[in-house]
K.L.:
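Mind looking over this structure? Questions follow.
Computed from a predicted model, the values in this text were never measured in an experiment. Atoms considered below: every heavy atom in the structure, side chains included; atoms not considered: hydrogens, waters and symmetry mates. Here is how names work: the chains are called A, B, and so on, in the same order as the sequence lines, proteins then strands, and each is numbered from 1.
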Number of protein chains: 2
Amino acid sequence: METRTPRRRVARAERERQILDAAVAVFSGRGYQNASMDAVAEVVGVTKPVLYSHFGSKEGLLLACVARVRTELLDVTSAAAAAADGPEDMLRRGTLAFFDYLDAQKPAWSLLYSEASVSQAAAAALEEIRAQQTDFIAGLLAVQAPETAPQRLVGWAHVIVGACERLALYRGSAADGGPRMSAAEATDHLMDLVWTGLAHQP
Amino acid sequence: METRTPRRRVARAERERQILDAAVAVFSGRGYQNASMDAVAEVVGVTKPVLYSHFGSKEGLLLACVARVRTELLDVTSAAAAAADGPEDMLRRGTLAFFDYLDAQKPAWSLLYSEASVSQAAAAALEEIRAQQTDFIAGLLAVQAPETAPQRLVGWAHVIVGACERLALYRGSAADGGPRMSAAEATDHLMDLVWTGLAHQP
DNA sequence: GCGGTAACTTACCATCAGTAACTTTGGACC
DNA sequence: GGTCCAAAGTTACTGATGGTAAGTTACCGC
């Protein structure tokens, strides 16, 4: 005789957390496109307008997810870099932390690098993450090669950021049964080319 | 007194070309998401079912656009590489041709690298383009560094492909009024790090 | 206990991908 | 030149889904 479940009220902040958890899972699972707001709401156990009252729009919800991942990513990489001595070690540890985080948080990773580009705003947010990374790396390079023109440093930093991202995506999409490239190997390949090249600039 | 425009019939292949032109323009203009099939149809001057009779679905239309860009990109880069002598020159000329093509075909570029990731299938097609590039580059690297383990060569090739893509996106999204990085500069920055690094491997 | 506010739901609209059934055009063939 | 007829195209619809307005209910402070 079905006692219809009484409407449970939950504090706003807590509900927000629940929704973000569900959204990351649903968006990364089915893809942002195919994921309906109703599906997210159902996972949380509420109805659609609740999502809208918290995040305004589907895009707003995606943006909030991206922002959360951004924070986590920044935390983990800057913590790793802080433990290093010298620019090379900083780049190496930061890069390794980047790959490790993406390994540990697969849904977050796929949300960021596979789903975020659907919306203008989310793509812009992702671009800002990259800008942050680029600035940080350009700073490291400047310490290592102080004579170099800033524009060249920025170009190099973009090379490194792009390389990291591509390696991450390749690692993630390794469908072939072959042995997957480990985070340490990916870091090595990057440092091989990039840091060796940097060390031998005229 | 409005002579209502008589229904003009057009050969299938020609219509297909028209639709692809319109689709690239509309998709890259408003973004794939925000572009309705009706909007594409209106640009062509037909109605929606015509698009479906040619391409089956919105995703199918996107895929056809991506396939076309892929062919053009492959043509232009392999032509450039064919004119080179030795692996370094091949990589340099191929990279430069890549950047030049994206400069010349801005809508095609933005379609490929901003809009393609919305659909699973288009993302897979893009990934295949990257795989093609990676294989080609890994071949060049193998000539230059024949003692190196294949897996390492592949890792390096991914570094290069990712760097190219990132540099292209950075160049494209240069909103700041500053002097935009030229195709030649982008190529230089890439070769600086990557080829110099390669030349000094143990 | 008893308001009142904030959380939540029901019931709806508008847009757009996709489709079925019908109509017209232009070339082939005589 | 007339007459078919198959391909090219249109009208008119459905279903799914992002988004919203108005009403309902649970909890917190007094």
K.L.:
Working to the nearest 0.5 angstrom, can you tell me the gap between A/L20 CG and A/L61 CG?
P.N.:
6.5 Å
K.L.:
Please tell me whether A/R130 and A/Q133 have a donor and an acceptor in their side chains that are separated by less than 3.5 angstrom.
P.N.:
no
K.L.:
What protein N or O atoms touch nucleotides 15-20 of chain D N or O atoms at under 3.5 angstrom, if any, and at what distances?
P.N.:
residue, atom, partner, partner atom, Å
D/dG18, OP1, A/K58, NZ, 3.1
D/dG18, OP2, A/M37, N, 2.8
D/dG18, N7, A/K48, NZ, 3.2
D/dG19, OP2, A/Y52, OH, 3.0
D/dG19, OP2, A/K58, N, 2.8
D/dG19, N7, A/K48, NZ, 2.8
D/dG19, O6, A/K48, NZ, 2.8

K.L.:
Would you compute the distance between atom CG of B/L62 and atom CG of B/L111 and round it to the nearest 0.5 angstrom?
P.N.:
6.0 Å
K.L.:
Is the closest side-chain heavy-atom distance between A/Q18 and A/E14 below 4.5 Å?
P.N.:
yes
K.L.:
Going by atom types alone, do A/S117 and B/S117 pair a side-chain donor with an acceptor below 3.5 Å?
P.N.:
yes
K.L.:
Do A/Q201 and A/E147 have a side chain donor and acceptor closer than 3.5 Å?
P.N.:
no
K.L.:
Measure from the side chain of A/R9, starting at C-beta and using heavy atoms only, and say which of C/dA7, C/dT10, D/dT10 lies closest.
P.N.:
C/dA7
K.L.:
Which residues in residues 13-28 of chain B have at least one heavy atom lying under 4.0 Å from any atom of DNA chain D?
P.N.:
B/R15
K.L.:
Distance to the ring centre below 6.0 angstrom and angle to the axis at most 45 degrees; does that hold for A/K58 and A/Y32?
P.N.:
yes
K.L.:
Do B/I137 and B/H158 have side chains that approach each other closer than 4.5 Å (heavy atoms only, starting at C-beta)?
P.N.:
no
K.L.:
Round to a whole Å and report the spacing from CG of B/L51 to C1' of C/dC16.
P.N.:
13 Å
